[in-house]
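Computed from a prediction, not measured in an experiment: that's the story for all the values here. Proteins come first, then strands; the chains are lettered A, B, ... in the order of their sequence lines, and each starts at number 1.
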2 protein chains.
Amino acid sequence: MSRVAGNHMSIADLDDIDRSILAELQQDGRITNVELARRVGISAPPCLRRVRRLEEMGLIQGYHATLAPAMLGWSISFFVLVGLDSQKGAVLAEFEALVAEWPETRECHMIRGGEDFLLRLMARDAEHQNRLTRDLIEVAHVVRVQTFQVIRTSCERAGVPL
Amino acid sequence: MSRVAGNHMSIADLDDIDRSILAELQQDGRITNVELARRVGISAPPCLRRVRRLEEMGLIQGYHATLAPAMLGWSISFFVLVGLDSQKGAVLAEFEALVAEWPETRECHMIRGGEDFLLRLMARDAEHQNRLTRDLIEVAHVVRVQTFQVIRTSCERAGVPL
DNA sequence: CGGGAAAACGCAATATTATTTCGTTTCCTT
DNA sequence: AAGGAAACGAAATAATATTGCGTTTTCCCG
């Protein structure tokens, strides 16, 4: 039996080297394979094979450059708790589809604990934020909106604890 | 006058090619420079020079692999609204420093709009989450804690709208 | 409107890295 | 302990990154 068994597998199929690879790539996604291999203690070819396998397994979902929002003109980040007047599946899905179309929407989480959704949005300025908030209130089935403006972010870690 | 004026600059110093580079690298941070150059329509050397410059300017803050939390054993993601009994700078800073030490803390935002902080935490299971929540309540100056468990995330976009 | 310098470009050469090939080793199963 | 699958690593090849440099473009400033 192999670790490569077709498609989905989990943490049980990973050894220490795999976990090191994930940790290194989470920390620096543009490291060269030669350097990665050196850090995890194996030679380049098997290291590259492991990375490819982790990608195919879906454990590595992608690679992204992290940009500086403020320098690109997106100086406002805010969260919104949204309550709907119905929890029917179709209503929830409709809401998700609608806010996902907005380019300013960065995250949309369905939650349990007081309201129905927690969104994270970005805005170019205060007026832009106001417009977004007003638009949100006008969305069908939205009955409550509570905004939390981000003043400063002291901790923002990508990914998963490793 | 050059676009390279020492250190910090902003969107005003970027042209269309720079913005294309940022968009491509945000979407795929491990693309080769040759392919990146092809996509943005210039040859490889100036493309690499632009990427280096964007990095030095701080516009590109880093590159990260995006991992699959559930496959790595982190199946629970939740948000916590935290209220403190004081808004003195030292108290706020102490709280931030403490939660930043927890490996489960992914984000810590100081907010305006009802409470003092919005945290995002990850847990391996329900018991782990309970322990984290209880630990949070015991933290000095914490007087209110409201948990929002993420049921499903329908939208999660990295970075900035481009 | 012209110079003229600075900036950016792209070709070509070189250095590094990625990827394939393949023989060897390790590990697991029986 | 033998057989076989999986993984490893050295070496060769392919591709990419990076440097050097001459040319073109851009943009001031007279």
Nucleotide nearest [X] (side chain, heavy atoms from C-beta), chosen from [options]:
| X | options | result |
| --- | --- | --- |
| Val34(A) | dA18(C), dT19(C), dG10(C) | dA18(C) |
| Arg49(B) | dG20(D), dG9(D), dA17(D) | dG20(D) |
| Thr32(B) | dA17(D), dG10(C), dG9(D) | dA17(D) |
| Arg50(B) | dA17(D), dA8(C), dG9(D) | dA8(C) |
| Arg52(A) | dT19(C), dA7(D), dG10(C) | dT19(C) |
| Ser43(A) | dA12(C), dG9(D), dT19(C) | dG9(D) |

Rounded to whole Å, please give me the gap between [atom1] in [X] and [atom2] in [N].
| X | N | atom1 | atom2 | answer |
| --- | --- | --- | --- | --- |
| Arg38(A) | dA18(C) | CZ | C1' | 18 Å |
| Glu55(B) | dA17(D) | CD | P | 12 Å |
| Arg53(A) | dA7(D) | CZ | P | 6 Å |
| Asp18(A) | dC8(D) | CG | C1' | 14 Å |
| Leu48(B) | dT16(C) | CG | P | 15 Å |
| Asp13(B) | dT26(D) | CG | C1' | 16 Å |
| Ile42(B) | dT24(D) | CD1 | P | 19 Å |
| Leu36(B) | dT18(D) | CG | P | 12 Å |

**Prompt:** Name the one of Leu81(A), Thr133(A), Leu119(A) that satisfies side chain to side chain contact (heavy atoms under 4.5 Å, CB included) with Val145(A)?
**Reply:** Thr133(A)
**Complete:** Of Ile31(A) and Cys47(B), the one whose closest nucleotide on DNA chain C sits nearer the 5' end is Cys47(B)
**Request:** Please work out which of the three classes, parallel, tilted or perpendicular, describes the rings of Phe79(A) and Phe79(B), given edges at 30° and 60°.
**Result:** perpendicular
**Asked** Is the distance between the ring centroids of Phe95(A) and Phe117(A) less than 6.0 Å?
**Response** yes
**Message:** Return whichever of Asn33(B) or Ile17(A) has its heavy-atom-nearest nucleotide of DNA chain D closer to the 5' end.
**Reply:** Ile17(A)
**Complete:** By nearest-heavy-atom nucleotide on DNA chain D, the more 5' of Arg30(A) and Ala44(A) is Ala44(A)
**Request:** Would you tell me whether Ser86(A) and His141(A) have side-chain atoms, one donor and one acceptor, within less than 3.5 Å of each other?
**Result:** no
**Prompt:** Within the side chain of Arg157(B), is there an N or O that forms a donor-acceptor pair under 3.5 Å with the backbone of Glu107(A)?
**Reply:** no
